[in-house]
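Only one structure is covered here, and it is reproduced in the block below.
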Amino acid sequence: MKVLVPVKRVVDYNVRVRARSDGSGVDLANLKMSMNPFDEIAMEAAVRLKEAGQVSEVVAVSIGTDACQDVLRTALAFGADRAVLVQTPEAALEPVVISRILKAIVDEEAPRLVLMGKQAIDDDCNQTAQMLAARLGWGQGTFACRLALADGEARVSREVDGGTRTVALPLPAVVSTDLRLNEPRYLKLPNIMKAKKKPLDIKPLESLGVNTSTGIRCLGVSEPPARKPGVRVESVEDLLHRLKHDAQVI
Amino acid sequence: MSERESMEFDVVIVGAGPAGLAAAIRLRQLAEAAGRELSVCVLEKGSEVGAHILSGAVFDPRALNELIPDWQARGAPLHTPATEDAFLWLGRQRAFTLPLPPQMHNQGNYIISLGNLCRWLARQAEDLGVEVLPGFPAAEILFDDQGAVMGVATADMGRLADGSEGPQFEPGVELHARQTLFTEGCHGSLTKQLMARFALRDGVDPQTYGLGVKELWEVDPARHRPGTVRHTIGWPLDRGTYGGGFLYHLEDHQVAVGFIVGLDYRNPYLSPFEEMQRFKTHPAIREVLEGGRRIAYGARALVEGGWQSIPRLGFPGGLLAGDAAGFLDVPRIKGSHNAMKSGMTAAEAVFDLLADGAGQRGEATDYRQRLDQTWVMRELHAARNIRPGFRWGLWGGLAHAALETYVFKGRAPWTLHHHPDHAALRPAASSTPVDYPKPDGTLTFDRLSSVFLSNTHHEEGQPVHLRLRDPALPLSLNHARFAGPETRYCPAGVYEYVEENGAGPRLRINAQNCVHCKTCDIKDPGQNIDWVVPQGGDGPNYPAM
């Protein structure tokens, strides 16, 4: 049984980002990029299934520029068997387009399970898994915090408000991973070196014949307003006066 | 204890800075030219190459020209030629232009991000077949039966605060090598052990240091003049303290601004971080930064000892190169070119040693000799008396520097000597507290909002990587005698004395803030702090510093 794990290259979670001065987007120049942490969880889950003998092949796929090869190498170091890069020009693609591209990859690869992060930490969309499942006509188990494969189905415990909800999905299926599913392993140095020799296929986006138009435009990106510095008050009266007249909260 | 895996290389290099990467590239170039197999691996503690690199930087491309002559065609990130230079003496409000000493002329040099240059060098190295492995700090030196260095072991991952193995524990890996090059940069943690074990400092002066605090600003395009270089001395430091500021206009409306304080400063109340903040309020600096926004922050110790502080450079099984040994040229305010050239020279010495076949963990004893014949040592020898001359204060030091430069032209028949920085502090009782202004949040900032911009991260729950040899000494010596100088010299707010439940002060170490500058290991008056590597990939994530 084959598992497909889509992974996205995003700005590293330890890095503070800032909006470009003209508000046209986030300035990514020179920033450290990494695999989306939710995708790492999906990767870890896939590799654990393989180590448990329930999965025979793990294929990682990323969509973007050549730079995305680094997150695919990371996926290979986790334990993916091979990787596919769908090579696109510079522009970041919307989830709706990503789901079309992933559909084309699923048609080629014919996995029984697509395991993916529930959202990317850069745009926080949380859409791709759902749209992919719809395009494929497969069942979906989103926000997975437990996952087991048995008898041709995936048992997925989903994080819902105040608890979990466990569903059984017939395979093939799409499962999106939440934070509590697992804690990804530390990559081992020998595995990182071995990953450099594993197969990584590059497919130009044009070769998939996917429509990339969406009609969606980004109108602006802005930072949250800066917090005003605090002031030291002299007395209770002063505090009350400021709350009443400056802050106007009482 | 879990079993560690091991891997074999011909040469293992510790640290992906300019020295280590230049050495790796040179080794592979030599191997390709000679048609020899030679496996080379570079370990880097940062999460990626460049993540822990911080420099001014005005870069002299001399070594790069020798290493990769077609660097321009290969897209090296040298975008901004230094076009206009000035050396300023600052008074509290005024600035006077001083004559530019010959060492400080920057024609032909470039204003760069050394971090970005290292990222580019790493790609060149990988194209030549070098294994570059960021996120793996070398934590331990390995010795063979004869006591020669036989490689290093990477840090364990997933240890808990008490040192035990956590659920995610992954043991480090042993990298065995025929030769190991230590290019950890200024005051490397393994280099420090090598110095002690092989007595590499016997017969030479102690190393002396400075602490550089740097910020990257995006400025108002109207105030941006790419290629402009400013160096300052004088205010805000007093005349007995060595140091100065810099301001470089890069590309993309970015300006690098920084301040360096010699770590032989005497007043325990001095704070290099706050001197940097104060420096920015000078009209000559403020006029450039005002209306802009700060986009990055970092700090790093640098070597200032020069020629007389260069230790023995070799030992059985390996060599030191770059600022781990200490090749920064203080009057030129540059070191990356020398670091690269020393790495290349080390590579050549090691390559010939290994070619002999008998080179199995021997010592490339001709490295120093080869280096003496390069421009690196000629440059450092000529400049050797300038930094120690500042023991006579700012004006005495400048007058002496002029004498050394213009009259003796670096050939004075004497050599001035250094004293260790940690012994320079005067007791708090005989020192005057410094009243630093409060940060305004637009031009000047506090430590914590600054560290925030260094993207520093240390995984929670790991052992503290700043180790106290004697846990009682901070109170009995640092706090009692020197009023806790570590709370001021640390540019990241790692050290603080806290009082809890009326129990009296206690030193708290916020190791998660550490930007890996190494100042505490250098300046601690009791030499009680050992900086060791934390878990792999931890520390700052500098964008383009």
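Letters A, B, ... mirror the listed sequences (proteins, then strands); counts begin at 1. Both backbone and side-chain heavy atoms feed into the values below; hydrogens, waters and symmetry mates do not.
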Results of side-chain contact (heavy atoms from CB on, under 4.5 Å) for A/Leu239 - residues two or more places apart only: A/Val233, A/Leu243
Set of ring pair (Phe, Tyr, Trp, His ring centres under 6.0 Å) partners for B/Phe9, sequence neighbours left out: none
Interchain contact, B/Val132 with chain A, by part (heavy-atom threshold 4.5 Å): backbone
B/Arg28: partners by side-chain contact (heavy atoms from CB on, under 4.5 Å), with sequence neighbours left out: B/Ala31, B/Glu32, B/Leu38, B/Val40, B/Leu128, B/Val130
Interchain donor-acceptor contacts below 3.5 Å (chain B, chain A):
from, atom 1, to, atom 2, distance (Å)
B/Glu5, OE2, A/Lys188, NZ, 3.3
B/Asn116, ND2, A/Asn30, OD1, 3.0
B/Glu131, OE1, A/Lys196, NZ, 2.8
B/Gln168, NE2, A/Glu183, O, 3.1
B/Gln168, NE2, A/Pro184, O, 2.8
B/Glu218, OE1, A/Ser21, OG, 3.3
B/Arg293, NH1, A/Glu223, OE2, 3.4
B/Arg293, NH2, A/Ala19, O, 2.7
B/Phe452, O, A/Arg16, NE, 2.9
B/Asn455, OD1, A/Arg16, N, 2.8
B/His457, ND1, A/Asn14, OD1, 2.9
B/Glu459, OE2, A/Tyr186, OH, 2.4
B/Gln535, NE2, A/Tyr186, OH, 3.0

Top of B/Leu175, B/Leu133, B/Leu453 for chain A proximity - count of heavy-atom pairs under 4.5 angstrom: B/Leu133
Which portion of B/Met157 sits near chain A, non-hydrogen atoms under 4.5 angstrom: both
Proximal component of A/Leu189, with respect to chain B [non-hydrogen, under 4.5 Å]: both
B/Phe136 versus A/Ile192, closest heavy-atom pair with distance: CE1-CD1, 3.3 Å
